[in-house]
Structures are given as C-alpha cells and as structure tokens.
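Note that the structure is predicted; figures quoted are calculated from it, not measured.
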Amino acid sequence: MINKTEIYILSGFLGSGKTSLLKNALKQEKENGRQIAVIMNELGKVSIDSDEVEEDTPLKELLNGCVCCTIQGQFETQLHSLLQENKLDAIYIETTGVAHPIEVLDACMSPLFANDVVVKCIVTTVDVHRWQDRGSLSIQLQKLLQEQIRHADVILLNKADTLSESAKAALLYEVQSINPQAACVFTSYSSIQLKLLTSAKLSEKQAHQQAHVEKQLHLKTFVYEFKNSVDLEKFEDWLRYTPDTIYRMKGYLRFTHSTDTYSFQYSYGMPLYMKELLKMPTNLVIIGENLRHEQLKKELTTLDQV
C-alpha cells in the first residue's frame with residue numbers, strides 16, 4: 001500500500017499562535033527525520049510569517065485572499081504541485097486567522113489528489129484572552145471563533161500561563177461545551193509534543209456556517225511599506241489610538257534609535273518586537289474590520305517622515 005501524505009490544518013483566529021505552533025511542529029518533525037512541506041495562506045498582498053520557515057522546507061504561499069473562499073482554485077493547484085514535486089511525509093497548512101477550517105478541509109479533498117493524502121486533524125489555537133473578551137468583537141467574528149473551536153480535533157488554549165486555575169476551569173468548560181470530542185490542551189507559545197497531532201484522528205464534521213472573508217466578516221487588509229526608520233515613541237503613541245476593529249498587525253520595522261530591523265507582531269492591543277538578523281523589507285500588514293485605508297495611509301505616512 002502506498003503511504004499517503006499526512007495533512008495537518010492549523011486553524012485559529014488572528015494572533016492566536018498558529019505560526020508559533022508551526023515552528024514548533026516543524027522543529028520536531030525535522031528531528032524525527034520526516035520530509036515536510038508547508039502551505040501558508042495570508043490575507044494580505046505580502047507574506048510576513050513565511051520568513052519563519054527554513055529554506056530547505058518546501059513552501060507554497062497563497063497571498064491576498066482566503067483558501068476557503070476567494071482562492072480555493074489556487075490552493076488546489078499549489079497543493080497538487082507540492083505533492084508532484086516532492087516525496088512528503090506531511091504537509092502543514094497554516095490558514096488565515098479568519099478561515100473556516102471546514103472549507104479548508106473541503107479544499108484538501110480535490111479529486112486531483114484525494115487518493116494521495118490523508119487529513120490527520122484540524123488544530124485550532126485559541127488566544128484565551130481574546131476568547132474571554134470575545135463580546136467586544138462583531139457577531140460574525142464571535143461566530144467564527146466558535147466555528148473554529150466546534151470543528152477542531154485538537155484545541156490549544158494558548159497564552160494560558162497568566163490564568164488562575166478557576167479561570168482555566170471555566171474556560172475549559174465553555175470550550176468543551178462547544179466541542180466535547182476534541183483534545184483540549186493549555187499552552188504557552190503553542191508549545192506541544194508533536195505526538196498530540198500525529199496521534200489525533202479527524203472526526204466526522206457537521207454542517208457549518210459559511211464565513212466568506214469579505215462578504216460575511218467584512219475583514220480587509222492594508223499594507224504599508226515604510227521608506228524610513230520610525231520613531232518608536234511616536235509609533236507606540238499611534239498604536240495606542242488604533243481602533244478596536246484592528247485585530248492583527250505584523251511586519252518588519254526599522255527604528256531611529258537602532259540600525260537593526262525588528263519583526264513586529266501585534267494582536268489584542270499587545271505589541272511584540274524581536275530583533276532580526278537580516279535586513280527585511282519594511283512592510284506592515286494590518287488586518288481588521290471596515291479598515292479606513294486612506295486614514296491609515298495618512299497616519300503612517302506622517303510616521304514615515306524623516
């Protein structure tokens with residue numbers, strides 16, 4: 001019998017820890033000597049997270065759309081070419097933060113390669129603080145968060161190190177009432193043992209609510225390319241006043257106080273800066289509901305003045 005290529009679908013809302021999970025899984029897969037490839041789907045026109053994947057790992061990027069609606073045909077083509085070009089043990093698919101996992105699963109069932117792959121599981125990462133405060137999101141996004149949990153086979157309750165035991169218990173009860181079948185694990189930085197994924201089984205999936213990125217969720221992306229170094233204090237002042245409808249930012253920045261390039265991640269009001277060894281293109285990707293592009297461009301252009 002021909003060994004089928006395993007597929008792992010990484011789901012979860014914007015900024016919940018999918019890329020950390022991917023890095024963690026790839027490291028362990030490499031240690032185990034397995035041949036792995038990655039498909040990354042980004043809503044924006046430029047990719048940021050793909051820099052986290054090592055160069056010797058086959059990688060396909062799908063930009064400026066979502067696998068589950070606008071670019072499903074492209075996804076099938078890329079997945080097919082990965083399977084044709086490489087002898088693979090597994091493929092990890094990192095979805096956009098607003099993808100519906102069942103629609104990604106459907107896209108993996110193309111007649112082109114259905115006999116060559118086995119979808120092992122859908123893993124959903126949940127930012128526990130975002131979940132606790134989900135009432136501040138639009139009704140559509142609240143439904144999406146629930147759907148991502150409902151259809152998961154493994155659920156990582158991430159960023160849980162700051163929660164009390166009673167808060168953890170309440171959270172676990174809420175999540176298990178939505179999906180009693182999935183394995184639920186509390187994590188920090190999406191750190192898990194790979195066996196949790198490789199031993200998981202894809203459960204039978206029920207009917208789902210469609211979540212088209214632009215039609216139902218009204219989510220947009222905005223990309224700004226900085227020409228100059230930015231004053232960190234002014235940049236953080238700008239961050240403080242960004243609207244709550246901006247859910248995620250990521251990119252690379254250079255600041256006036258340093259010659260280094262920094263990777264920048266932002267979700268749920270929390271900025272994170274990490275020094276990069278390489279000079280990266282200073283693009284900033286912003287994802288949110290009903291983004292005011294002209295206003296953002298004006299504000300960022302002001303920050304970009306020398």
Charged N-O contact under 4.0 Å between Lys227 and Asp304 | no
Check whether any side-chain heavy atom of Glu31 lies under 4.5 Å from a side-chain heavy atom of Leu194, and answer yes or no.
-> no
Using a strict cut-off of less than 4.0 Å between a Lys/Arg side-chain nitrogen and an Asp/Glu carboxylate oxygen, indicate whether Lys234 and Asp237 qualify as a salt bridge.
-> no
Using modelled atom types only, decide if a donor and an acceptor are shared between the side chain of Thr5 and the backbone of Asp89 within a distance under 3.5 Å.
-> no
Any donor-acceptor pair under 3.5 Å from Asn86 side chain to Ala37 backbone = no
Where Ala25 and Tyr92 come nearest, the two heavy atoms and their spacing | CB-CE2, 3.8 Å
Nearest heavy atoms of Ala160 and Lys168, plus distance in Å | O-CE, 3.5 Å
Identified side-chain contact (heavy atoms from CB on, under 4.5 Å) counterpart of Asn24 within the set Thr187, Thr19, Ile192 = Ile192
Contacts of type side-chain hydrogen bond (donor to acceptor under 3.5 Å, both in side chains), residue Glu294, not counting sequence neighbours | none
Please name the pair of heavy atoms, one in Lys18 and one in Phe13, separated by the smallest distance, quoted to 0.1 Å.
-> NZ-O, 3.5 Å
When the side chains of residues 116-126 are checked against the rest of the protein, which donor-acceptor pairs come out under 3.5 Å, sequence neighbours left out?
from: Lys120; atom 1: NZ; to: Thr198; atom 2: O; distance (Å): 3.0
from: Thr124; atom 1: OG1; to: Ser11; atom 2: OG; distance (Å): 3.4
from: Thr124; atom 1: OG1; to: Gln148; atom 2: O; distance (Å): 2.7
from: Thr125; atom 1: OG1; to: Ser11; atom 2: O; distance (Å): 3.4
from: Thr125; atom 1: OG1; to: Ser16; atom 2: OG; distance (Å): 2.7

Minimal heavy-atom distance between Tyr8 and Ala90, with the atoms involved, is CE1-CB, 3.9 Å
Tyr241 and Glu299: side-chain hydrogen bond (donor to acceptor under 3.5 Å, both in side chains), yes or no, with the steps?
-> CA-CA 11 Å; Tyr241 294 102; Glu299 291 170 2; over 6 Å; no
